[in-house]
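Reading through the structure tokens given below for one structure.
Hydrogens, waters and symmetry mates play no part in the numbers below; they use all other heavy atoms, side chains included. Residue numbers start at 1 and run along the sequence shown.
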Amino acid sequence: MLNFKKKDLCIEQVKLSDIAKEYGTSTYVYSKNQFINNFESYKKALGVRGIICFACKANSNRTILKLLADIGAGADTTSGGEIYRCLNANFNPSKIVYAGVGKTFEEIEYALKNKIFMFNVESLEELDAINKIAGRVKTKAKIAFRINPYVDPDTHSYIATGKKGTKFGIPYEDAVKAYLIAKKKKNVIVLGIHSHIGSQILDIKPFKVAAQKIKKIIDDLEKNGIGLEYINCGGGLGIKYSKDQKAPSPDQLMSELFSVFDKDKKFIFEPGRSIIANAGYLLVKVIYRKFSGGKNFLITDAGMNDLMRPTLYEAYHEVMPIKKINTKKVKTDVVGPICESGDFIGKDRMLPVLAQGEYVLVTCVGAYGAAMSSEYNSRPLLAEVLVDGNKTTLIRKRAKWEDLLSNEEQK
Ligand SMILES: *Cc1c(COP(=O)(O)O)cnc(C)c1O
């Protein structure tokens with residue numbers, strides 16, 4: 001939803017220079033209509049065949065969660081804290097699913113007491129824990145097993161989760177055995193099967209290969225008298241971070257996957273990145289400029305604590321000035337203020353020569369941006385602003401230096 005009003009770059013109808021003036025920098029800015037549209041295109045593609053559960057680890061701001069819950073989203077959660085946030089944001093518990101290799105007993109009890117829809121169970125020991133706790137709190141736990149289908153998508157190794165040798169899910173060859181064990185548990189209802197093979201996947205092929213392997217398990221289970229109602233295809237659909245990338249649509253993904261399974265099945269999808277990434281921006285200010293070692297540097301007020309993806313995954317995010325400038329472009333490293341060489345936003349970018357105090361915008365940071373930020377270097381967490389048409393709303397206050405000390409007593 002980026003566009004120019006004369007020389008000013010805008011998100012929806014709001015000039016970024018006005019946002020900088022009103023809220024300061026650095027600031028996360030979200031286009032409400034962009035993520036609503038992204039969600040609607042998933043919803044439309046799925047129709048009445050199941051639930052779209054927003055993977056809220058991508059962005060768990062309570063206003064963003066509330067807006068998604070309001071338009072019928074379910075939630076894919078990975079911790080008790082995320083379930084707490086989602087209940088607070090008014091998600092229907094019957095649309096909350098819960099994955100994760102290390103669910104604690106406290107988290108399991110909390111999820112059961114709040115009647116979430118389904119646990120995506122990742123080990124037999126976890127199954128035992130869920131069965132026991134469900135017995136204790138006198139309820140039945142609905143479960144799917146998360147299966148590791150041994151598929152290697154073409155993505156960064158840190159976000160490939162469905163390969164042999166990762167910690168995730170039940171090993172492919174043990175899947176049927178796991179269901180036979182689960183069937184005998186008194187306090188467990190076997191409802192589905194789950195796989196999530198990784199993130200930022202731009203090719204539909206690995207999704208389809210995983211689906212075919214899951215179909216094979218479903219067939220084997222049917223031979224053993226176990227029918228499953230829900231197929232959870234996980235998340236992971238990639239987005240276009242740079243101009244030379246192409247991302248499939250939810251519709252393309254689903255029509256490929258639906259062709260693998262029988263018509264009566266219900267589906268769950270757990271998109272995170274593809275809902276919120278391209279709706280989020282980081283607005284930063286140029287503090288200093290320097291020329292060193294044959295390179296131009298723009299030193300900004302956002303560091304790797306605010307946006308970790310470049311440092312952690314060597315991720316690419318486009319960087320652009322917020323005014324149309326026609327001066328010549330020079331090769332520039334855009335970096336943060338933190339004492340680490342890994343603290344950069346973008347390297348070797350062709351950018352116009354900017355003055356001190358001017359602003360640049362980092363794009364597609366709505367997923368795993370604010371959500372992964374920390375106070376490293378004792379830098380308070382950033383403000384977050386929502387844009388809706390010509391209106392802006394502060395959806396997270398900028399933290400203050402005092403906040404850094406708020407949980408520490410001086411002993
Ligand atoms: C992270 C995660 C997702 C979301 O992945 P995206 O790439 O953000 O769509 C979905 N399901 C599970 C189990 C996850 O861990």
* Asked: Does a side chain donor of either T63 or R396 reach within less than 3.5 Å of an acceptor in the other side chain?
  -> no
* State whether a side-chain donor-acceptor pair under 3.5 Å links D251 with S249. => no
* Test: K285 and E358 ion pair at under 4.0 Å -> no
* Asked: Which one of V387, N61, N59 satisfies the side-chain contact (heavy atoms from CB on, under 4.5 Å) criterion with Y30?
  -> N59
* Asked: Out of K185, K103, R146, which residue meets the salt bridge (charged side-chain N to carboxylate O under 4.0 Å, His left out) rule with E126?
  -> K103
* To do: Start with the C-alpha gap between H156 and Q200, add the side-chain angles, then the distance that decides, and say whether side-chain contact (heavy atoms from CB on, under 4.5 Å) holds.
  => CA-CA 8 Å; H156 192 283; Q200 185 50 17; over 6 Å; no
* To do: Output, in order, the C-alpha distance, side-chain angles, deciding distance and verdict of ring-ring contact (aromatic ring centres under 6.0 Å, His included) for Y230 and F117.
  => CA-CA 11 Å; Y230 279 92; F117 184 38; 5.2 Å; yes
* Does one side chain, of Y241 or T363, offer a donor that lies under 3.5 Å from an acceptor on the other? -> no
* Does D306 reach the main-chain N or O of G303 with its side chain, forming a donor-acceptor pair under 3.5 Å? -> yes
* **NZ or CZ of R49 within 45° of F258 ring axis and under 6.0 Å** => yes
* Asked: Do the ring planes of Y313 and Y158 sit parallel (below 30°), tilted (30 to 60°) or perpendicular (above 60°)?
  -> perpendicular
* Does K140 reach the main-chain N or O of K186 with its side chain, forming a donor-acceptor pair under 3.5 Å? -> yes
* To do: Could you tell me whether a side-chain N or O of S259 sits under 3.5 Å from a main-chain N or O of E256, the two making a donor and an acceptor?
  => yes
* If we only count heavy atoms from C-beta on, is the P321 to P352 side-chain gap below 4.5 Å? -> yes
* Asked: Does E40 come within less than 4.0 Å of K44, counting only side-chain N to carboxylate O?
  -> no
* Asked: If you look at every heavy atom in V188 and A182, which pair is closest and at what distance?
  -> CG1-O, 4.2 Å
* Structure fact -> d(D403 CG, E375 CD) to nearest 0.5 Å is 8.0 Å
* State whether E109 and R136 are salt-bridged, where the test is any N-O pair (Lys NZ or Arg NE/NH1/NH2 against Asp/Glu carboxylate O) under 4.0 Å. => yes
* Structure fact -> Tightest non-hydrogen contact, residues I51 and S94, listed as CD1-O, 4.4 Å
* Checking S26 side chain against V284 main chain: does a donor-acceptor pair fall under 3.5 Å? -> no
* Would you sort out whether R349 and K331 count as a side-chain contact (heavy atoms from CB on, under 4.5 Å), showing the intermediate values? => CA-CA 5 Å; R349 302 304 174 80; K331 204 186 255 186; over 6 Å; no
* Asked: Which heavy-atom pair separates M118 from G192 by the least distance, and what is that distance?
  -> SD-N, 4.4 Å
* **Candidate pair V362 and M320, rule side-chain contact (heavy atoms from CB on, under 4.5 Å), full reasoning** => CA-CA 7 Å; V362 189; M320 57 182 73; over 6 Å; no
* Closest heavy-atom pair and its distance - P248, L237 -> O-CD2, 3.6 Å
* Count the heavy atoms belonging to other residues, nucleotides or ligands that lie under 6.0 Å from CG of N3, then report whether that count exceeds 12. => yes
* To do: With the side chain counted from C-beta on, respond yes when L283 and Y281 share a heavy-atom pair under 4.5 Å apart, and no when they do not.
  => no
* Do side-chain atoms of N114 reach the backbone of A111 as a donor and acceptor pair under 3.5 angstrom? -> no
* To do: Report the C-alpha separation of F269 and M254 in whole Å, then their side-chain angles, then the decisive distance to 0.1 Å, and conclude whether the side-chain contact (heavy atoms from CB on, under 4.5 Å) test is met.
  => CA-CA 9 Å; F269 286 87; M254 285 186 207; 3.6 Å; yes
* Structure fact -> Rounded to the nearest 0.5 angstrom, the CG-CG distance for L2 and N278 is 9.5 Å
* Can you see which heavy atom on I52 is nearest to which on F39, and at what distance? => CG2-CE1, 3.5 Å
* Asked: Roughly how far, to the nearest 0.5 Å, is the NZ atom of K15 from the SG atom of C10?
  -> 7.0 Å
* Asked: With ring centroids as reference points, do F297 and F291 lie under 6.0 angstrom apart?
  -> no
* From CZ (R289) to CG (L354), nearest 0.5 Å -> 8.0 Å
* Validation row: I338, R379 side chains within 4.5 angstrom (heavy atoms) -> yes
* Does atom CG of D154 have more than 12 heavy-atom neighbours, drawn from other residues, nucleotides or ligands, at distances under 6.0 Å? -> no
* **Donor-acceptor contact below 3.5 Å, side chain E22 vs main chain I19** => no
* Distance-only polar pair, side chains of Y84 and S79, donor-acceptor under 3.5 Å -> no
* Asked: Between E270 and H194, does any side-chain donor sit less than 3.5 Å from a side-chain acceptor?
  -> yes
* Asked: Distance from K205 atom NZ to I201 atom CD1, nearest 0.5 Å?
  -> 13.5 Å
* To do: Measure from the side-chain N and O atoms of T77 to the backbone N and O of V97, and report whether any donor-acceptor pair falls under 3.5 Å.
  => yes
* Asked: Taking the side chain from Q356 and the backbone from I287, do they hold a donor-acceptor pair closer than 3.5 Å?
  -> yes
* Asked: Quick check: does any side chain N or O of K163 sit under 3.5 Å from a backbone N or O of P153, one acting as donor and the other as acceptor?
  -> no
* Asked: Would N296 and D333 count as having a side-chain donor-acceptor pair, cut-off 3.5 Å?
  -> no
* Asked: How close do I395 and L386 get, heavy atom to heavy atom, and via which atoms?
  -> CG2-CB, 3.8 Å
* Asked: Is the NZ or CZ atom of K265 positioned over F261's six-membered ring, under 6.0 angstrom from the centre and within 45° of the axis?
  -> no
* Asked: Any ion pair linking K66 and D70 (charged N to carboxylate O, less than 4.0 Å)?
  -> yes
* To do: Verify whether one side chain among S31 and N33 offers a donor that lies under 3.5 Å from an acceptor in the other.
  => no
* **side-chain hydrogen bond (donor to acceptor under 3.5 Å, both in side chains), paired with Y150, selected from E173, K164, K213** => E173
* Around atom CD of E318, are there more than 12 heavy atoms of other residues, nucleotides or ligands at under 6.0 Å? -> yes
* Output yes when K21 and D18 qualify as a salt bridge under the 4.0 Å nitrogen-oxygen rule, no when they do not. => yes
* Taking the side chain as C-beta and beyond, is there a heavy-atom pair between I96 and K115 under 4.5 Å? -> no
* **Whether over 12 other heavy atoms sit under 6.0 Å from K216 NZ** => no
* For F4, is the NZ or CZ atom of K324 found under 6.0 angstrom from the centre of its six-membered ring and inside 45 degrees of the ring axis? -> yes
* Can you check whether G369's main-chain N or O pairs, donor with acceptor, with R309's side chain at less than 3.5 Å? -> no
* Asked: Looking only at side chains, do Q245 and Y316 share a donor and an acceptor under 3.5 Å apart?
  -> no
* So, do Y28 and Y23 have ring centers that fall under 6.0 Å from each other? -> no
